[in-house]
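First comes the structure, then the notes that go with it.
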There are 2 protein chains.
Amino acid sequence: MNIGEAARLSGISAKMIRHYEGVQLLSPAQRTDSGYRQYTENDVRALQFIRRARDLGFSIDEIRDLLSLWQDRNRPSREVKALAAVHLETLDKRLKELHSMKSALEHLVHGCQGNDRPDCPILETLAGSGDEATSEANAASLKRHRRGHQITG
Amino acid sequence: MNIGEAARLSGISAKMIRHYEGVQLLSPAQRTDSGYRQYTENDVRALQFIRRARDLGFSIDEIRDLLSLWQDRNRPSREVKALAAVHLETLDKRLKELHSMKSALEHLVHGCQGNDRPDCPILETLAGSGDEATSEANAASLKRHRRGHQITG
DNA sequence: CTGGACCTTCCCACCGTTGGAAGGTCAAGC
DNA sequence: GCTTGACCTTCCAACGGTGGGAAGGTCCAG
């Protein structure tokens, strides 16, 4: 089948399938004489595997590892579990960061009257009148800076 | 003061201060004859405002709006609150997505023996033996695809 | 006048995904 | 046959936010 059908069946866009091939997450697909990529049902299964792993938030690199464990019939499940556990901790960290942002902001929003007048604890806090934001959000900030970068989209 | 000191005082790297100027989040800094950027205490206050807003997860665009509300002495706090409330919902969505990923993965990890043998419910689920991942993570996936992109780092 | 700390601009990388341009291929209908 | 439209190809650029580094200029203390 062509890439379009593989995309439909796997839930991964054709763009991304090509990209995954480019970053060697997938081995290069077979080609027709005219250069069209050809996929088998097995290929589609691998693509679905990738999609499900991405749905769980695994990075491309992690998925590479998961795929090779999957292919290895003699893997010890210990290794899979370890990989997943590491990712779980990553998710947990992000979750905590987001949570502290959320509660800090929730607190601010709650304290703001939201009327015609200009006085607003949200702006006041951002402007630093008083103690540096909230201790919770600051902790998240530190983590963020240590990690390099951050949540998008 | 030079950009380095402004960076130290504000907690924003010199790199990012230049970047923020580039994307017009900040008005261009004064320059010395030799071209060095010069910052006042007021500039530093704006930088700190930005840092705190980023700590709460606001995007650059949102911060642009927050800054102009901050500068506007006649703003109705209603507008600030509305902006913050929108961001709060964004945080909440992300939080829910992460949470569903986490619980799905937690479930899988919990079900994996983590021993020398190859059988592993984590891989089995990713491979699609049974029902499509978990309904929770699927919901997250759908949202993600709708949104465009996703959590990094 | 030398050295080192600082500054400047510029371009490149990361991550995952999307968009578009410019062109080739394939199958159906006339 | 030829046209049309859906599909495919490659390549390049963008998003968000941040960091890294090169190549060069400046400033001050010793």
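Reminder, nothing fancy here: chain letters follow the sequence lines and each chain counts from 1.
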Taking atom [atom2] of [N] as reference, at what distance in whole Å does atom [atom1] of [X] sit?
| X | N | atom1 | atom2 | answer |
| --- | --- | --- | --- | --- |
| A:I3 | C:dC26 | CD1 | P | 16 Å |
| B:I50 | D:dG16 | CD1 | C1' | 16 Å |
| B:N2 | D:dG25 | CG | P | 18 Å |
| A:I63 | C:dT17 | CD1 | C1' | 13 Å |
| A:E21 | C:dG16 | CD | P | 17 Å |
| A:M1 | C:dC26 | CE | P | 18 Å |
| A:D61 | C:dC14 | CG | P | 11 Å |
| A:L26 | C:dG16 | CG | P | 14 Å |

Closest non-hydrogen atom pair, [X] against [Y]:
| X | Y | answer |
| --- | --- | --- |
| B:I122 | A:A84 | CD1-CB, 3.8 Å |
| B:R64 | B:V23 | NH1-O, 2.7 Å |
| A:A46 | A:W70 | CA-CZ3, 3.9 Å |
| B:Q38 | B:N2 | OE1-OD1, 2.8 Å |

Task: Separation between CZ of B:R51 and CE of B:M16, rounded to the nearest 0.5 Å - done: 13.5 Å

Open item on the list: Working to the nearest 0.5 angstrom, can you tell me the gap between A:S13 OG and A:Y20 OH?
Closed with: 7.5 Å

- [ ] Take A:Q30 and A:D43, measure what side-chain contact (heavy atoms from CB on, under 4.5 Å) needs, and give me the verdict at the end.
- [x] CA-CA 10 Å; A:Q30 293 295 114; A:D43 294 330; over 6 Å; no

- [ ] Please state whether the phosphate of C:dG16, meaning OP1 or OP2, lies under 4.0 angstrom from any side-chain nitrogen or oxygen of A:Y20.
- [x] no

Open item on the list: I want to check something: taking the side chain as every heavy atom from C-beta on, are B:M1 and B:L9 in contact at a cut-off of under 4.5 Å?
Closed with: yes

Task: A:D55/A:R52 salt bridge by N-O under 4.0 Å criterion - done: no

Open item on the list: Can you pull out the residues from residues 27-47 of chain B that lie within a 4.0 Å heavy-atom distance of DNA chain D?
Closed with: B:S34, B:Y36

TODO: Go through residues 12-19 of chain B and report each residue with a non-hydrogen atom lying under 4.0 Å from DNA chain D, sorted by number.
DONE: B:S13, B:K15, B:M16, B:H19

